[in-house]
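Quick note: numbers below take in every heavy atom, side chains included, and nothing from hydrogens, waters or symmetry partners. Below, chains carry the letters A, B, ... as their sequence lines are ordered, and counting in each starts from 1. Here the structure is a predicted model, which is why all the values come from computation and not from measurement.
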Amino acid sequence: MNRPADPMRSNQSTDDVLRQSLRAYAASVCAAGQSPPVSLVWFRAERRRRAEALRRAQRPVRIMQAIGLLCAVLAAAWGAFRFVPTVLIGALPARPEIAAPLLLLLTAGSGLVLLGCWGLLLASRQ
Amino acid sequence: MAAPLPDDRAAPVEPLAEQAFQILYDANAGPVLGYLIAGCGRRDVAEDLLQESFCRLLLRWPSLAALATDPQALRRYLFRIATNLLRDRWRAGAGEPFAEPPEEGTAPALHVAVDIQAMLRQLRPRERQLLWLAYVEEMDHAEIAASTGLSRLSVRTLLFRARARARHYLSREGATP
């Protein structure tokens, strides 16, 4: 008299087939080719580490650049507002908010900050 | 978004020397590459993801104090990175796994009765990962959970379903005894 197949035993056998098949596949995959050389991975990581370090170092320089640019734009806008009507119309009295030497100083300072930041950025890229 | 990696905010350790990295790479590159090939079905993509996995490990190394002295934890961490990379790739809409024919001369010559690539193609990506970790890497539920970012309970349930689907395929193909 045939007894019905034990489902637990059947599952166990199927698991064995699955295990053997997957391991044979894993072994054949490993045998099919070499992994990429370790030097390639090391080089890739080094390159990325340097790029990351450079980006970190450039962050304050970029902030200074932005501040310098903002100063220059503000100074230019104020200069245009202060002097252009006087030159064109020639009749308006000078406005007393910022004296001309102070304006010159501001503009020169902004320019120097900009130039300095730009120089730092160029130097950090080399 | 990829699953978060284990907490790596512990005290910093010394940078990994090139020779130590070579030992680590030699011990783990093969298993991780096999896992990635099983996951994405393409050797070229898997090799790229393998390089990326080790790159990320190297870049995070200074903060991996807890793992630096435990090779098994390091191995699980590598599998975790690989799992996240595979997941990112699928979410980015990468092609169907195993859809493209293998390159000339790289198709593995199998001496088993089952077309394992066809079976893997039938399974969902996560099922392939779980079966691989359970049967090839012989990880238990806790280790699989650490390697995939799933909870132990989810691993148990998903692995049960994956086994059932694989069994169904094998019985349909007549590969079961």
Side-chain angles (χ1 to χ4, degrees), chain A residues 1-63 120-126, chain B residues 15-16 18 21-26 28-38 43 46-48 50-59 61 102-103 105-117 119-120 131-132 134-138 163-164 166-171 175-177:
Chain A
M1 184 176 136
N2 286 339
R3 285 193 306 177
D6 182 359
M8 291 294 283
R9 177 169 286 187
S10 170
N11 282 351
Q12 188 63 43
S13 311
T14 316
D15 272 356
D16 288 342
V17 171
L18 189 59
R19 182 176 286 110
Q20 283 168 12
S21 307
L22 280 172
R23 285 187 186 170
Y25 180 70
S28 64
V29 160
C30 286
Q34 295 281 319
S35 307
V38 65
S39 55
L40 191 67
V41 182
W42 184 265
F43 175 72
R44 187 169 164 168
E46 276 296 312
R47 203 174 52 180
R48 196 175 298 174
R49 188 181 295 155
R50 284 180 190 184
E52 180 63 32
L54 187 62
R55 203 168 58 234
R56 258 202 309 270
Q58 280 178 355
R59 207 172 295 150
V61 177
R62 284 184 189 281
I63 292 170
L120 274 174
L121 184 67
L122 286 179
S124 66
R125 278 183 180 163
Q126 286 169 0
Chain B
L16 190 61
E18 193 166 356
F21 177 67
Q22 172 129 30
I23 294 168
L24 176 72
Y25 185 81
D26 290 343
N28 293 293
V32 177
L33 182 64
Y35 175 67
L36 288 166
I37 290 176
R43 192 176 186 98
E47 285 182 357
D48 190 50
L50 176 78
Q51 289 184 41
E52 181 62 27
S53 302
F54 277 92
C55 258
R56 289 192 182 187
L57 180 82
L58 269 175
L59 292 174
W61 186 261
E103 292 167 38
T106 59
L110 290 173
H111 303 290
V112 290
V114 188
D115 182 357
I116 210 74
Q117 282 201 346
M119 189 196 78
L120 290 172
L131 284 179
W132 191 272
Y135 286 115
V136 179
E137 298 301 326
E138 294 184 308
R163 276 196 185 114
R167 272 193 212 115
H168 177 71
Y169 176 84
L170 292 177
S171 59
T176 51

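A distance-only check finds a donor-acceptor pair linking the side chain of A:R23 to the backbone of B:Y135 [under 3.5 Å].
Heavy-atom distances place no part of B:D26 under 4.5 Å from chain A, backbone and side chain included. If you measure heavy-atom distances from B:E52 to chain A, the contacts under 4.5 Å come from both the backbone and the side chain.
Within the structure, salt bridge (Lys or Arg N to Asp or Glu O under 4.0 Å) contacts touching residues 28-40 of chain A (residues at least two apart or in different chains) do not occur.
In this pair, B:F21 and A:W42 present their aromatic rings tilted. The plane angle is within the 30 to 60° band.
With chain A as partner, the option from B:L50, B:L59, B:L131, B:L33 having the largest number of non-hydrogen pairs under 4.5 angstrom is B:L59.
Every side chain to side chain contact (heavy atoms under 4.5 Å, CB included) that A:P37 has, sequence neighbours left out, goes to A:S39, A:L40.
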